[in-house]
Each structure stands twice: as C-alpha cells, then as structure tokens.
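Letters A, B, ... are given to chains in the order of the sequence lines, protein chains preceding strands, and every chain is numbered from 1.
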There are 2 protein chains.
Amino acid sequence: MLSADRKKNRVTLLDVARRANVSRATASLVIRKSPLVGAETRQRVEEAIQALGYVYNMGAARMRAERSRTVGVVVPNLTNPFFGELLSGIEALIDSAGMVVIVANSGDLVERQDLVMRRMREHGVDGVILCPAADTEPAFLDRIAEWELPLVQTLRHISEEIDYAGADYAAGMRQAVDYLASLDHETIAFAVHGPMHSAYHERIEGFRDAMRSLGLNANMILRVPDQLAQIADATHLLFEQTEQPTAVICFNDVIALGLSGGLYDRGLQVGRNFSLIGFDDVTDAEALRPRLTSVSTAPVAIGETAAQLLLDRLADPARPPRRVVQETQLRVRQSCGPATV
Amino acid sequence: MLSADRKKNRVTLLDVARRANVSRATASLVIRKSPLVGAETRQRVEEAIQALGYVYNMGAARMRAERSRTVGVVVPNLTNPFFGELLSGIEALIDSAGMVVIVANSGDLVERQDLVMRRMREHGVDGVILCPAADTEPAFLDRIAEWELPLVQTLRHISEEIDYAGADYAAGMRQAVDYLASLDHETIAFAVHGPMHSAYHERIEGFRDAMRSLGLNANMILRVPDQLAQIADATHLLFEQTEQPTAVICFNDVIALGLSGGLYDRGLQVGRNFSLIGFDDVTDAEALRPRLTSVSTAPVAIGETAAQLLLDRLADPARPPRRVVQETQLRVRQSCGPATV
DNA sequence: CTGAAAGCGCTTACAG
DNA sequence: CTGAAAGCGCTTACAG
C-alpha cells in the first residue's frame, strides 16, 4: 500500500514538462544545466520543479546514461583512525565532484575483498579506490581491469600499471634514521607488526638502506603484537638483543604509543634514557607526554590525491597510469634525546 | 568508443535466458533465488550465467523494484575515531544484509546536512542512519518523514518519534561520579567542549544529577578547546575555580588525553595528586600511562544497533518508533586515586 | 513451473 | 532551441 502510494505520488520529469509546457527532453536539459535552453523556458521549468516538488531520480538517469555518480572505497579496516582520515579526504573530494561514496570493509582478507569488489560492480560504481588487502594477487587487479572498472590503489600497491596514491615511506624512514643518527644513536631498533604488503616492505627497506648507508647495523627488526593493548608487554624484546639499542623507530604510531607505555612501565624516561620515534603522526602524537616525535604521512591528503586520480581517470580512461607519492615530514617533538651510552 | 564497446559487450539477462532456453522472467527468478524454478532449469540458467560472465545490474533492478539495497550514513565527522568505530559497526551489519552503505560527512553543519540528505534521496537510498548535526531542527526530520525516507537517529536525537540508537550517557556520568565519590572526592570538575546536542545535555544533566544526589557542588563545569592540541594549555582552568577540585571528569577521551598532558606539564601525577576520568573508552585509554579510567560507550555496538533498527524499519515501515539505549560501563584503570585534601 | 507484455524514469540521437 | 521516439536492463502481474 505504502509503496503503491509512493509510486502513484511520484512526480516525474514528464509531469514537470507538462506543467511547464515543454517536452520531457527539454526538461531533462534544464535539470542537467545545459546551455541549450532559453532563459525563459528554463525558468518555467524550474518553477514547475519547485511547485511539484520534483526529485531527480538518479536510478533512472544512471541506467540510461550508463554512469552512476558513485565511487566505491574499500579499506582493510574502518576502526583504525588512519583509515578514517583517508576516507575523510576521499569523501571531501568526491562530494565536491557531485558524486557519492560507497564504503566497504575488506577486513584485510582477500576473500572478502573479492566479494566486496563484486558487489561494487553489481552496484555499478563508476570506479573504485582500493587499499588492497595483504596478499592480494596481481591477477586480482587484472581481473578488475578486464571488467573495465576504473581503479586506483592507495596506501599499498600491487600493480605498476594502475594509478597509485601513497606516501614515500622509504624516505620517511630515512628521515627518522638520520635524525636519530644526528643525536649520536648508533644502535637503533625497528619495531614492526601487521600484515606484509608494499607499505610494509618499503618501510623495512627504507630503514635498512638508511642504516646501512650510515654504516650501522640494519638488522635489529623486531615484531610486536598487532593489538595496541598487548604492545607494552612486548617492550622487553628491546632489551633482549645482542646489542643494546638506545632508540627505537616504530612502524606506526600505534606501536609508538604501546612502547611508550612499556618503556614507562620499566621506569625508563622516553626522550632521556631512551629515544622513541613514531610513524604517521596521528593527532595523539601531540598530546602524549613526552610529546611524540613522528614521521607525518598525511592520510587526509593521500585520500584527496587518490580521489583526484580516480576523477582524472574517469575523465580519460586511456591516460597512462600515475603514481603520486607524497613526501613525509619529520615532526620533531620530545621523545628523542642524545644517545647516552 | 570505449563505452560503446562496453555497452555492446554487456551481457544481459536476455542473453542468459536465450542461452539457457528459458524466458527472461525465468532467468530473473533464478537470480533472485526463487523456489519456483525447477532444479534442472535453475542449473541450466546458472551455467549460462557462468559461461557468459553475466553481471547483475542493480541499477536496472532497483528501478523496477523500487529499492536500491543501499543505505545512507551521515556523520558529523569522519576523522574522529569514535565515528570510525560507529561506521564500522553499521557497515558490518548492512553488509551482512546484502546491502551497501553510502557514507557522507555533514561537518556538523545543518546546511551541508541538508545538501547531503537531498543527495541521498536522489540516489534512492532505501533508508538513512543519521547522527544529526548540532542545531538540527525537528522540522528537518519532519521533512524527511514526508519524503517517506526511513530514518534512524544515532548518538544524538532530535525527535521522539523516530528510531534512535545511543548509549545511556546520564547513567555513565553517574558511574563516574559515584566512583570518584567512593574515593572520597568531593570537589569534582566536569570538562566539556564541542557543539551542544542531546548527548551533550544528557552528560551535563547526568553529571549534575549525580553530584546533587550526593549533596555535592554540581556547578563546576568548564569548557575547554575543541582541538586536542590546545586542550593541555587549558588545564589552568581547573585551578582557577572558587574551590579547588581534586578530580575531573571529561566529556570524552579526547579531553582526558589533553588534560592528562596538561596535568603532567604542571608536575602533577595523575592518579596520585589528581584524578582524571575519561568517557567513551577509545582504544588509547589502555595504552596511556597511567592507564586511563574511562566510561565505555561501545560505539561499534551502537552502530550495529542503529543498523538493525533501520533494517527492522525497512521490513515494517509502520512499526512504532524505538529507542535503544546501551548501558555504559566504567573501566577502572589507574588514573584515579583517593582524594588527598 | 514458464512466457509475452508492459513499464520503472530517465537520456540520447535525430529531426525540425 | 524544442519535440517524438527509442531504449537502458530489469521485475511484475497476468496468463497459461
């Protein structure tokens, strides 16, 4: 009954056209702001739209026009504030392009990612921005290319032939290492966790290269738990190495936050007895005590870039693929001090 | 050219039907898993789908069926981890119902919210979950009701006649106050910030009622900056009151994190010289030192509840409105100690 | 259980 | 600048 009412009441473009004494095609042109329509006609149509309370039906338009003004965004995790910031940047740009974003969570699982991408296709998104789940095969992206579904990779990349927006993680690592070296640290640990993907490897390699080029031991890499709550209790790992580190670089600020607590629990004073440096520079970094020195990767800006890449590709599907890699920035605060050996 | 190719190549239900030697209607029934189709016929159709690489066209289906399997979610902020967790809960449930979520950011601005809701309508979402922007007028929700667009409010509520999913903020405040009182605190400040909306007022009233019912001064409410980075510097406000508080309850964990730094900067030891209690219990609470005692409001669970309310309403548009208000839980950690006066 | 027909509300050429 | 016609790919009654 209800939906029957709704249907019956629905005012269509034809109703508008009739009331304005024009054809449906003309009314359609007015709505799409075509310059082909005369000012007087346009006004009549707009009045009719107002009077009738006409609502544009994207569903019908997309069917005919073969585009939906909809883009998909799939991320491995919605709970992590980092992805929230990324999403925020994407949404802002997509919105200002008059489009809308459909968001989905892959849980960093390739099977779910498969499902989610299929669903995106059925919903007829015009394109998708994907942070590929760990272990995504290149063949998966090839398949999407066969669908002719425009795609951009973000934060992690699998294929060189597909647009990518990210940050220069290796350079960020070099900034962190160089800074610690300038404070005379020589034995520096790198604490990592999480799944292994391009961003993971870039950070590891960045650390290694930077250490080696300074003639330092590049092998002190230790894995800590994924869950923030358990990281503090893994701090002892720092003190079970063959050599005693005086500083630790963290894969991300989550680890930095966790180790910061663990160091405190051991009675160490971060920035005095031990130096700690984070990665990502989430908002908490500034609020911590001592304030956390961290390498900023600006996720909001990455999101905006990813969205712009997709918009550009939609405009020209044939353009060559681009990689836009943002510079990172070291935010020096209080969590590092001179090496005291 | 490209899109022409795509169009030409598109395999439709009619192609599938022909290949399987059935009518289009029958093929449609198979896709929608209707029990009306015989097993042998079903299999033939499924083989044809496989062989042809048929992709279901939601756009066409939604037009005919008058529903889109799409729900809108509009939040005032995507950057705040709290909303990320809410969104995560919503997405999980909506996904498992075979639907998809369109997300939008109102920026907590009524004008943008207006725009965004209009866009949602044009896109034909089946319903929307809204965290209303501060200063949303009840008339705004009435208008949406006139659109016959199913709606559920979350975290904040404007109208009693519309479904709502939230937490019992007032009870949470009472838990915080009672706990501090049990440690003999008598002069307790309440630090707030942000826009004023139902959740704001509920916390304020919850604080006041709890304090008054213990015979304590319920008026020590102070506003701190919205931005985390600036909160620490507002800590002095705590020490410019007519009476000297021995504890502060924070409107949320962001404030708690900020004041925790500010207290540290003044040489105070949280949990010894001064007690601090947060609200929301974000993941950081456990990682801070001293560990932050906080009232948990479980945003993921609120998101799931909101999604379930919407699903239920979609199933029965006429059902009476419901309010589902989750219990909060006090997570006692290390940031509170006995009053030392 | 299956088929032929109508129609959802728009946009796109094509004429004029 | 405007109009008449066709069609996007499905689902929904209605017959059989």
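The CG-P distance, from A/Asp15 to C/dG9, rounds to 9 Å in whole Å. The distance between atom CG of A/Leu14 and atom P of D/dA5, rounded to the nearest whole Å, is 13 Å. Atom-to-atom, CZ of B/Arg18 to C1' of C/dA4 comes out at 14 Å; the value is rounded to the nearest Å. Rounded to whole Å, the distance from CD on A/Glu122 to P on D/dG9 is 15 Å. Going from atom CG of B/Leu13 over to atom C1' of C/dA4 covers 15 Å, rounded to whole Å. What separates CG of B/Asn57 from P of D/dC10 is a distance of 5 Å, to the nearest Å. In this structure, A/Lys33 places its NZ atom 12 Å from P of C/dT11, rounding to the nearest Å. The distance between atom CZ of B/Arg67 and atom P of D/dT11, rounded to the nearest whole Å, is 10 Å.
For A/Ser23, a side-chain nitrogen or oxygen approaches OP1 or OP2 of D/dG3 to under 4.0 Å. Using a 4.0 Å cut-off, some side-chain N or O of B/Thr26 falls inside it from OP1 or OP2 of C/dG3. Taking 4.0 angstrom as the limit, A/Thr41 places a side-chain polar atom (N or O) nearer than this to OP1 or OP2 of D/dT2.
For A/Arg119, the salt bridge (charged side-chain N to carboxylate O under 4.0 Å, His left out) partners are B/Asp95, not counting sequence neighbours. Annotation: ring pair (Phe, Tyr, Trp, His ring centres under 6.0 Å) contacts of B/Phe83 (sequence neighbours excluded): none.
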Quiz item: So what does the secondary structure string of DNA chain C come out as, 5' to 3', with Watson-Crick or wobble pairs under 3.5 angstrom, [ ] for crossing and | for pairs with another strand?
Solution: |||.||||||||.|||
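Residue pairs meeting the side chain to side chain donor-acceptor pair (under 3.5 Å) criterion with at least one member in residues 134-143 of chain A, sequence neighbours excluded, are A/Gln113-A/Thr136. Sorted by first and then second residue, the salt bridge (charged side-chain N to carboxylate O under 4.0 Å, His left out) pairs involving residues 49-58 of chain B (not counting sequence neighbours) form an empty list.
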Tabulate atom names and distances for all N/O pairs under 3.5 angstrom spanning the protein and nucleotides 12-16 of chain D.
| residue | atom | partner | partner atom | Å |
| --- | --- | --- | --- | --- |
| D/dT12 | OP2 | B/Arg32 | NH1 | 2.8 |
| D/dT12 | O4' | B/Arg64 | NH2 | 3.3 |

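A salt bridge does not link A/Arg118 to A/Glu122: none of the charged side-chain nitrogens sits closer than 4.0 Å to a carboxylate oxygen.
The shortest non-hydrogen separation linking B/Val325 to B/Tyr164 is CG2-CE2, 3.9 Å.
Between B/Ala60 and B/Arg44, the residue whose closest nucleotide on DNA chain C is further toward the 5' end is B/Arg44.
A donor-acceptor pair under 3.5 Å links the side-chain atoms of B/Asp126 to the main chain of B/Ser68, judged by distance alone.
In this structure, the separation between OG on B/Ser23 and CG on B/Leu29 is 8.0 Å, given to the nearest 0.5 Å.
Counting heavy atoms from C-beta on, the side chains of A/Asp163 and A/Asp312 never come closer than 4.5 Å.
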